Amino acid sequence: MSDPASENSAPSDFIRDIVAEDVRSGKYTNVHTRFPPEPNGYLHIGHTKAICLNFGIAHEFGGICNVRMDDTNPEKEETEYVDSIMADIHWLIDGWAEENLGLKQKSEGGDQRSEVRGQRSENQAGPFFASDYFEPIYAFAVRLVEKGNAFVCDMSAEQTDEYRRIGKESPFRNRTVAENLDLLARMKAGEFPDGARTLRAKIDMQAPNMWLRDPVLYRIRHAAHHHTGDAWCIYPLYDFAHCLSDYIEGITHSVCTLEFEVHRPLYDWLLESLDLPRPLPHQYEFARLNLTYTVMSKRKLKQLVDDELVNGWDDPRLPTISGMRRRGVTASVLRDFAYRIGITKYPSMTEVDALEYAMRDEFNKTALRRLAVLHPVKVVITNYPEGKTEELEAVNNPEDLGAGTRKVPFSRELYIEGADFMETPPPKYFRLRPGGEVRLKYAYIIRCEEVIKDSSGKVAELRCTADLESKSGGATSNRKIKGTIHWVSAAHAIDAEVRLYDRLFTVPEPDSDGDFKSFINPHSLEVVTAKCELSLGEAKPELRYQFERLGYFALDPDSRPGRLVFNRTITLRDTWAKEAKK
RNA sequence: UGCCUCGUGGUGUAAUGGUAGCACGAGAGAUUCUGGAUCUCUUUGUCAAGGUUCGAGUCCUUGCGAGGCAGCCA
């Protein structure tokens with residue numbers, strides 16, 4: 001497999017090239033990355049790309065990747081999201097890079113920077129939080145003011161915007177250091193209402209880069225924070241908190257997505273202006289993942305969840321990590337996919353086929369083959385004795401003979417797939433038809449002798465005869481028969497609820513124009529009661545199953561003893577569907 | 001509009017001044033007790049125009065196109 005975990009296929013891209021050069025030149029003695037989600041939603045497959053990049057770099061260069069909640073906006077962040085994010089990350093890196101995971105130590109005290117540098121220990125409690133650094137970040141703000149590099153501004157948000165647009169300096173820009181220090185302290189003490197004042201960097205109101213036009217560093221928000229509670233009423237903004245959090249944790253390579261590119265000069269300016277001991281972290285940007293037939297923004301995903309167009313954040317139709325996990329996608333598939341798509345600065349649109357290929361590629365090698373009929377049609381073998389049962393041998397995985405064999409029961413009455421019989425088939429259809437022959441996998445060749453319909457004209461039962469010498473291994477078993485179909489013995493079948501998932505949207509780019517919700521695929525979920533071979537009664541949630549000729553399936557958490565629920569993770573490639581369309 | 005970044009087959013990528021390659025998709029065939037898998041073959045590309053060079057996808061200039069930013073969001 002081309003899982004990045006198998007070292008001989010370590011990926012290469014411009015960011016890894018930079019890291020390799022930095023290591024070679026001795027710019028850094030260690031490699032330390034970070035994955036900094038904001039806990040305001042669930043992680044999705046786009047985050048998978050970032051996680052695999054940051055952990056991949058740490059893994060390949062013998063470094064650490066810290067997980068840090070980027071929680072500087074108390075109004076949007078919740079503890080529920082912290083928990084889901086951590087669960088998703090652990091699941092994704094398990095068996096691959098957990099030894100590179102940097103978590104916060106339990107022990108308190110000591111020098112914050114060295115403690116926080118992410119050495120592995122048994123004392124690890126959980127993720128880092130940017131909000132854990134509010135105290136040192138505030139101290140840095142004071143230092144910036146003392147150096148004359150920041151000032152307290154009394155303008156409104158609207159005024160600030162307007163002045164930045166036209167490049168005009170704030171009238172409060174030249175307050176004395178003493179006055180700024182006093183006002184900042186009083187901001188922190190809660191003397192002013194929300195929005196009354198801000199702390200701003202003093203850079204250059206004429207700068208062509210807007211982010212250098214005296215950007216806001218702190219705002220006043222009398223709001224409870226999910227992690228720090230009521231300890232603060234001023235909160236640092238992303239630009240101020242992020243570079244300092246990176247610095248505090250000893251991050252070397254701070255990798256983020258393209259939209260932060262224009263922020264990089266500010267990132268560098270802040271660290272430089274604080275005159276910090278070297279080495280400093282550096283920021284690099286790559287293009288986020290876009291996938292066809294889905295939406296990726298947290299806002300849109302949340303809308304689908306809130307409007308109940310899907311069943312929660314872990315709905316298997318969603319591109320969330322939890323949704324894909326529930327659907328049956330494995331972490332190794334996601335990692336493999338992340339490796340295949342590469343890392344560039346070009347904002348590309350990846351076809352979902354690449355993801356589906358990664359699934360089929362892995363499941364073909366690992367999934368146990370089973371017989372299950374999704375849309376059953378009754379078949380009676382008229383020349384097969386009533387009451388007789390044979391145990392036929394079936395291979396568990398032709399791609400992995402080590403997976404062994406199993407017995408499947410055969411008897412006079414069977415179910416076959418509705419789609420495997422047609423009264424008046426199109427050309428090149430080589431399944432069952434009136435008077436035609438087909439092979440039952442692992443069993444006999446049968447001929448359809450009679451079609452029995454119900455009052456509505458629907459096929460109710462097929463009466464067939466079997467070539468009793470044609471059993472697999474038998475005298476006439478080598479006869480050339482074009483079609484082989486799957487089946488289940490009616491008397492031995494067990495029922496299962498099977499959820500057949502399809503793409504959530506009908507168009508490749510649902511959020512390109514118009515309302516993305518109008519493109520929702522009305523057939524994205526079909527629930528059927530399937531007839532399954534007996535051995536599926538012992539299905540295990542950690543295993544993947546190929547229902548032969550149909551697709552790959554995984555047990556849903558809704559399963560209970562005696563009540564099986566399967567999700568279709570992905571169909572098999574279906575060249576007949578393509579042919580039939582012609 | 002300003003600033004930043006990016007343009008390699010249908011899609012995702014590689015080539016670090018020296019034969020434009022890989023994967024996905026698409027098409028054709030072989031094989032098959034899964035119309036799966038496997039195997040073989042085919043198709044299509046350096047945004048444009050100049051320049052530097054023995055030689056340019058790569059370096060320079062200009063143009064065109066696309067994306068991002070212009071929150072007291074991240």
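Quick caveat: nothing in here was measured; it's all calculated off a predicted structure. Throughout, protein chains are lettered first and strands after them, A, B, ... in sequence-line order, and every chain is numbered starting at 1.
Between rC73(B) and Lys298(A), no contact under 4.0 Å exists linking OP1 or OP2 to a side-chain N or O. The phosphate of rG68(B) has neither OP1 nor OP2 within less than 4.0 Å of any side-chain N or O from Lys345(A). Using a 4.0 Å cut-off, some side-chain N or O of Arg549(A) falls inside it from OP1 or OP2 of rG35(B). Within the structure, a side-chain polar atom (N or O) of Thr72(A) is placed less than 4.0 Å from OP1 or OP2 of rA74(B). Between Arg219(A) and rG71(B) there is no side-chain N or O to OP1 or OP2 distance below 4.0 Å. The side chain of Arg200(A) places no N or O atom within less than 4.0 Å of a non-bridging phosphate oxygen (OP1 or OP2) of rC72(B). Within the structure, every side-chain polar atom (N or O) of Arg439(A) is placed at least 4.0 Å from both OP1 and OP2 of rU34(B). OP1 and OP2 of rU11(B) both lie 4.0 Å or more from every side-chain N or O belonging to Thr292(A). In terms of phosphate contacts, Thr160(A) brings no side-chain nitrogen or oxygen within less than 4.0 Å of OP1 or OP2 of rC72(B). For Ser12(A) and rA14(B), the shortest distance from a side-chain N or O to OP1 or OP2 is not below 4.0 Å.
A gap of 31 Å separates the C1' atoms of rA66(B) and rG27(B), to the nearest Å. Using atom P as the reference point in both rG17(B) and rU58(B), the two lie 12 Å apart (nearest Å).
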Exercise for the section: Test Asn73(A) against Arg221(A) for side chain to side chain donor-acceptor pair (under 3.5 Å), laying out the working first. Expected result: CA-CA 9 Å; Asn73(A) 183 353; Arg221(A) 284 286 176 283; 5.9 Å; no
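Closest contact between the side chain of Asn364(A) and the listed nucleotides rG36(B), rC24(B), rC72(B) involves rG36(B). Closest to the side chain of Arg369(A), out of rC3(B), rC72(B), rU34(B), is rU34(B). With rU32(B), rG68(B), rC72(B) as the choices, the nucleotide that has an atom nearest any side-chain atom of Lys480(A) turns out to be rU32(B).
In this structure, CD1 on Ile18(A) lies 8.5 Å from NZ on Lys27(A), to the nearest 0.5 angstrom.
At distances below 3.5 Å, not a single donor-acceptor pair connects side-chain atoms of Ser131(A) with backbone N or O atoms of Asp71(A).
Residues Thr366(A) and Arg544(A) have side chains that never bring a donor and an acceptor to within less than 3.5 angstrom of each other.
One donor-acceptor pair, N or O on each side, does fall under 3.5 Å between the base of rG35(B) and the side chain of Arg431(A). The base of rU13(B) is not paired with the side chain of Arg340(A) by any donor and acceptor separated by under 3.5 Å. Applying the 3.5 Å distance criterion, the base of rA74(B) shares a donor-acceptor pair with the side chain of His263(A). Judged by distance alone, with hydrogens and angles left aside, Glu399(A) brings a side-chain donor or acceptor within reach of the base of rG36(B), the pair sitting under 3.5 Å. Between the base of rG10(B) and the side chain of Glu351(A) there is a donor-acceptor pair shorter than 3.5 Å. Looking at Glu285(A), its side chain has no donor and acceptor atom pair within 3.5 Å of the base of rU5(B).
For the pair Tyr238(A) and rA74(B), the ring geometry does not qualify as stacking, because the centroid separation below 5.5 Å and plane angle under 30° are not jointly satisfied.
In this structure, the side chains of Asp511(A) and Phe505(A) stay at 4.5 Å or more apart for every pair of heavy atoms.
Judged by closest nucleotide on RNA chain B, Trp211(A) is the one of Trp211(A) and His242(A) placed further toward the 5' end.
Note on ring orientation: taking the six-membered ring where Trp is involved, the planes of His225(A) and His227(A) are perpendicular (angle over 60°, cut-offs 30° and 60°).
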